[in-house]
Amino acid sequence: MKKIEKKDIWLFLVQAVVWTLVLTVLPFATFLSTRNWETTSTSLLMVWQILRGPLIVYFANFYLFGPYLFFRRKFWWFALSNLLLIVGVNYGFFFSYLMIKEYAPSMTSDAWIGFFSGAFLFVLLNMIMGAIAIGILHFIRVRKIRQQLQEEKAKNTEAELAWLKSQINPHFLFNTLNNISSLTQIDSDAAQNAIAQLSDLLRYAMYETNKPKVPLDGEVEFMRNYIDLMKLRCNEKTIVNYQLSIINDQFEIAPLLFVSLIENAFKHGVSSSRPSSIDIRLEQTDNQIVFTCDNTNYPKDDTDRSGSGIGLENTRRRLELMYPDSYSWEQSLQNDRYHVRITINNKR
């Protein structure tokens, strides 16, 4: 059995108030015009006799026939139940018909036509009330289903974002540890400093990025440290320039959003034997962020699977989920130089 919730009680009260107004509007108007309580009570009794049946039919369809028959596709049982209910609650018409037939045999054909026309219209009124109840119930059900779909979509989006972030963090850790491992054979002091720097990065990645958006200053500091660690793998033939400019350090952004692009630049833009260059820029205005990365392009051969492209795919997918209709992505490859530019507009 369905548990009664607070919104169900409010829905019933609203319907009760509406029906109370319908039942009392004519008697109230009668009282205002006559100032007579006896006439008013007579008017109220007449209205109740007329609308009692439609009221019962309405609530029966709303709380019984609709949920348990109509929306379970038991249409024959639904129709039969309504027919029996309408006949049962309007027995007065059938009783009056028997009385008229027995004691007024001299009624004209026009009088009989009027009687049956009134009976038909009254039965039709009952059917309309049942249809209105089903219509309101259908509207409520559709609205509830749409709300559930939106909630489910939001949950799926959050789950997908969490999965995408989990794909980024191990990628970053794997490459950074490889860089530090190589450094220990060359300069142990520099390796220790790099480990301390890595510790700060991991602390940020583990404890500061569990929210949908984080302050931009933390992201910028993370990117600076990340680039410095990635530079450890480069030789004197590689030039790395970066400029990260912000004017509002509390501006919020999705965490670790540009790490894959920086990682991609070092994967595909650095050669141990040929001149290489990487130019990374981030500019922030009042409500916009522009990230640009240009690097030389040295494609990996088929045996090197370190740059499978999953990082870029994840970045684009995160942008679609976090910034729908408020970001632009540009990328090109000309003269062996790769360019990517992301613009994010912060909607207020």
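All of these numbers come straight from a predicted model, not from anything done at the bench.
Minimum interatomic distance between Asn235 and Ser272 (heavy atoms only, all atoms of both residues): ND2-O, 3.0 Å. Smallest separation of non-hydrogen atoms from Ala133 and Phe62: O-CD1, 3.7 Å. Of all heavy-atom pairs spanning Thr30 and Ser33, the tightest one is O-OG, 2.9 Å. Across every non-hydrogen atom of Arg35 and Leu32, the tightest pair is NE-O, 3.8 Å. A pairwise comparison of heavy atoms in Arg318 and Ala254 identifies NH2-CB, 4.0 Å as the closest pair. Considering all non-hydrogen atoms of both residues, Pro27 and Thr40 come closest at O-CG2, 3.5 Å.
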Audit row: Ile253, Tyr323, side-chain contact (heavy atoms from CB on, under 4.5 Å) steps and yes/no: CA-CA 10 Å; Ile253 189 173; Tyr323 301 99; 3.6 Å; yes
Under the side-chain contact (heavy atoms from CB on, under 4.5 Å) criterion, do Tyr242 and Met223 qualify, and how do the steps go? CA-CA 10 Å; Tyr242 65 88; Met223 292 166 62; over 6 Å; no
Working note: Trp77 + Leu80, criterion side-chain contact (heavy atoms from CB on, under 4.5 Å); need CA distance, chi angles, decisive distance, verdict. CA-CA 5 Å; Trp77 283 107; Leu80 180 60; 4.3 Å; yes
What's the verdict on side-chain contact (heavy atoms from CB on, under 4.5 Å) for Asn82 and Met127, showing C-alpha distance, side-chain angles and the deciding distance? CA-CA 8 Å; Asn82 268 287; Met127 296 174 63; over 6 Å; no
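The backbone N or O of Ile247 lies less than 3.5 Å from a partner atom in the side chain of Gln284, making a donor-acceptor pair. A donor-acceptor pair under 3.5 Å is absent between the side-chain atoms of Ser81 and the main chain of Phe78, judged by distance alone. The closest donor-acceptor contact from the side chain of Ser199 to the backbone of Ile195 lies at 3.5 Å or more, if one exists at all. A donor-acceptor pair is defined here as one N or O able to donate and one able to accept, closer than 3.5 Å; no such pair exists between the side chain of Glu283 and the backbone of Ile289. A donor-acceptor contact shorter than 3.5 Å is absent between the side chain of Ser277 and the backbone of Ile239. Panel note: side chain Asn335, backbone Arg337; no donor-acceptor pair is recorded below 3.5 Å.
Of the residues listed (Tyr63, Trp19, Phe65), the one engaging Tyr58 in a ring-ring contact (aromatic ring centres under 6.0 Å, His included) is Trp19, and it is the only one.
Here the CZ atom belonging to Arg52 is positioned 6.5 Å from the CD1 atom belonging to Ile56, to the nearest 0.5 angstrom. Within the model, atoms CG of Asn345 and CG of Asn287 stand 6.5 Å from one another, a figure rounded to the nearest 0.5 Å. Rounding to the nearest 0.5 angstrom, the gap separating the CG atom in Asn295 from the CG atom in Leu333 is 9.5 Å. Rounding to the nearest 0.5 angstrom, the gap separating the CH2 atom in Trp329 from the CG atom in Leu319 is 6.5 Å. Between the NZ atom of Lys267 and the OG atom of Ser260 there is a distance of 8.0 Å, given to the nearest 0.5 Å. Taking OG1 of Thr315 as the start and CG of Leu256 as the end, the distance is 10.0 Å to the nearest 0.5 Å.
Contact of the Tyr204 side chain with the Glu219 side chain is registered, since non-hydrogen atoms from C-beta on lie closer than 4.5 Å. Side chains of Ile344 and Leu257 form a contact here, defined as non-hydrogen atoms less than 4.5 Å apart. Here the side chains of Leu216 and Asn248 are not in contact, with every heavy-atom distance at 4.5 Å or above. Between Glu320 and Tyr327 there is a side-chain heavy-atom pair separated by less than 4.5 Å. Side-chain contact between Arg341 and Val290: present, with at least one pair of heavy atoms (C-beta onward) separated by less than 4.5 Å. The shortest distance between side-chain heavy atoms of Tyr226 and Glu263 falls below 4.5 Å. Taking 4.5 Å as the limit, some side-chain heavy atom of Ile140 sits within range of a side-chain heavy atom of Leu11. Looking at Cys234 and Phe266, their side chains come closer than 4.5 Å, going by heavy atoms from C-beta outward.
Under the 30°/60° scheme for interplanar angles, the aromatic rings of Phe291 and Phe258 are found to lie parallel. Aromatic ring orientation, His138 versus Phe71: parallel (interplanar angle below 30°, classes split at 30° and 60°).
Applying the under-4.5 Å side-chain rule to Ile, Leu, Val, Met, Phe, Trp and Tyr, the cluster around Leu21 extends to Val17.
Sparse packing is recorded around CD of Glu38, with 12 or fewer heavy atoms of other residues, nucleotides or ligands lying under 6.0 Å away. Phe139 CZ: 12 or fewer foreign heavy atoms inside a 6.0 Å radius.
Met46 and Leu51 are members of different hydrophobic clusters when ILVMFWY side chains are connected at heavy-atom separations under 4.5 Å. Note: the hydrophobic cluster containing Leu125 does not contain Val25 (ILVMFWY, side chain heavy atoms under 4.5 Å, direct or indirect links).
Asp294 and His339 are linked by a side-chain donor-acceptor pair at a separation below 3.5 angstrom, with hydrogens and angles left out of the test.
Residues meeting the salt bridge (charged side-chain N to carboxylate O under 4.0 Å, His left out) test with Glu221, sequence neighbours left out: Arg224.
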